[in-house]
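Order of appearance sets the numbers: ligands from 1, and atoms from 1 within every ligand.
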Amino acid sequence: MIKIAPSILASDFSKLGEEIARVERAGADMIHLDVMDGHFVPNITIGPPVIKCLRKVTDLPFDAHLMIEEPDRYIHDFVEAGANIISVHVENNPHLHRTIELIRECGARPSVVLNPATPLNALDAVLGDVDMVLLMTVDPGFGGQQYIESMTGKIRELRQIALRRGLDLDIEVDGGIDLSNIREVTMAGANVIVAGTTIFGAPDAAEIIRSLRQNAFGGTT
Ligand code: DX5
Ligand code: ZN
């Protein structure tokens, strides 16, 4: 089974609570929260105070994707605000084990993120310690970009590595996922699907989420 995680980056920020309730009713499995600081990525979004308010409108898990410098300084605040899964990038983090441990200590599930240009071997030392790996399928910073085709091979390779090591690993993909490529990424091994523009840009969220599930694995789930 795949999990669908709408990214609120593509929602109407003037009514965030309603937008989250809308995709929850439409069948979303978790909510993907893109946190950007204007340093690690060239965009600025939301932080713990907003997440804390959003926590009141849904019981769905919050999947916080931190695109920020020095994430350790804020992990506690994000968990306290209601984040259930915390994804940290490997590119700007020289102390990954410490960060992963901190996320667990605070009571959330740790995940690590690779940018498209970061090779899979960056995960070697931590793969056994995380619940999920988030593979960026666009360069982070903005919604509405195009899926980078060469990421399909990377997803496949990571799934093979996880299988070889006997790891029950969630592989999340993020960026440019739509009805045309969800089959490709799920067949390659992704099972958690972030979709911003595809879901929030559709007139009927329930229908698009249903179609995404249908198209995943070529319609066999
Ligand atoms: C990009 C973010 C994504 C983004 C995906 O930096 O991490 O979560 O919102 O948006 P779409 O699905 O529109 O590519
Ligand atoms: Zn994201």
* To do: Please answer: with hydrophobic residues joined when any side-chain heavy atoms are less than 4.5 Å apart, are Ile100 and Ile85 in the same cluster?
  => no

* Structure fact -> Excluding Val138, membership of its hydrophobic cluster (Ile, Leu, Val, Met, Phe, Trp, Tyr; side-chain heavy atoms within less than 4.5 Å) reads Val113, Leu134, Met136

* Asked: Side-chain donor-acceptor pair under 3.5 Å between Asp63 and His65, yes or no?
  -> no

* Asked: Does a side chain donor of either Asn93 or Thr99 reach within less than 3.5 Å of an acceptor in the other side chain?
  -> yes

What's the atom name of the N, O or S in [X] nearest to the Zn ion (ligand 2)?
X: His65; answer: ND1
X: Asp174; answer: OD2
X: His32; answer: NE2
X: Asp34; answer: OD1

* To do: Heavy atoms only: give me the nearest Ala216-Ile2 pair and the separation to one decimal.
  => CB-CD1, 3.7 Å

* **Nearest-0.5 Å distance, NE2 of residue His95 to CG of residue Asp72** => 7.5 Å

* Asked: Would Glu207 and Arg210 count as a salt bridge (Lys or Arg N to Asp or Glu O under 4.0 Å) if you check the C-alpha gap in whole Å, the side-chain angles of each, and the deciding distance to 0.1 Å?
  -> CA-CA 5 Å; Glu207 190 182 310; Arg210 241 188 336 267; 5.2 Å; no

* Asked: So does Asp131 pair up with Arg104, basic N to acidic O under 4.0 Å?
  -> yes

Report every pair formed by an N or O atom of ligand 1 and a protein N or O atom separated by less than 3.5 Å, giving atom names and the distance to 0.1 Å.
from: ligand 1; atom 1: 6 (O); to: Gly141; atom 2: N; distance (Å): 2.7
from: ligand 1; atom 1: 7 (O); to: Asp34; atom 2: OD1; distance (Å): 3.0
from: ligand 1; atom 1: 7 (O); to: His65; atom 2: ND1; distance (Å): 3.2
from: ligand 1; atom 1: 7 (O); to: Asp174; atom 2: OD2; distance (Å): 2.8
from: ligand 1; atom 1: 8 (O); to: His32; atom 2: NE2; distance (Å): 3.4
from: ligand 1; atom 1: 8 (O); to: Asp34; atom 2: OD1; distance (Å): 3.1
from: ligand 1; atom 1: 8 (O); to: Asp34; atom 2: OD2; distance (Å): 2.7
from: ligand 1; atom 1: 8 (O); to: Asp174; atom 2: OD1; distance (Å): 2.6
from: ligand 1; atom 1: 8 (O); to: Asp174; atom 2: OD2; distance (Å): 3.0
from: ligand 1; atom 1: 9 (O); to: Ser7; atom 2: OG; distance (Å): 2.8
from: ligand 1; atom 1: 9 (O); to: Asp34; atom 2: OD2; distance (Å): 3.1
from: ligand 1; atom 1: 12 (O); to: Gly196; atom 2: N; distance (Å): 2.8
from: ligand 1; atom 1: 13 (O); to: Gly144; atom 2: N; distance (Å): 2.9
from: ligand 1; atom 1: 13 (O); to: Thr197; atom 2: N; distance (Å): 3.0
from: ligand 1; atom 1: 13 (O); to: Thr197; atom 2: OG1; distance (Å): 2.4
from: ligand 1; atom 1: 14 (O); to: Gly176; atom 2: N; distance (Å): 2.8

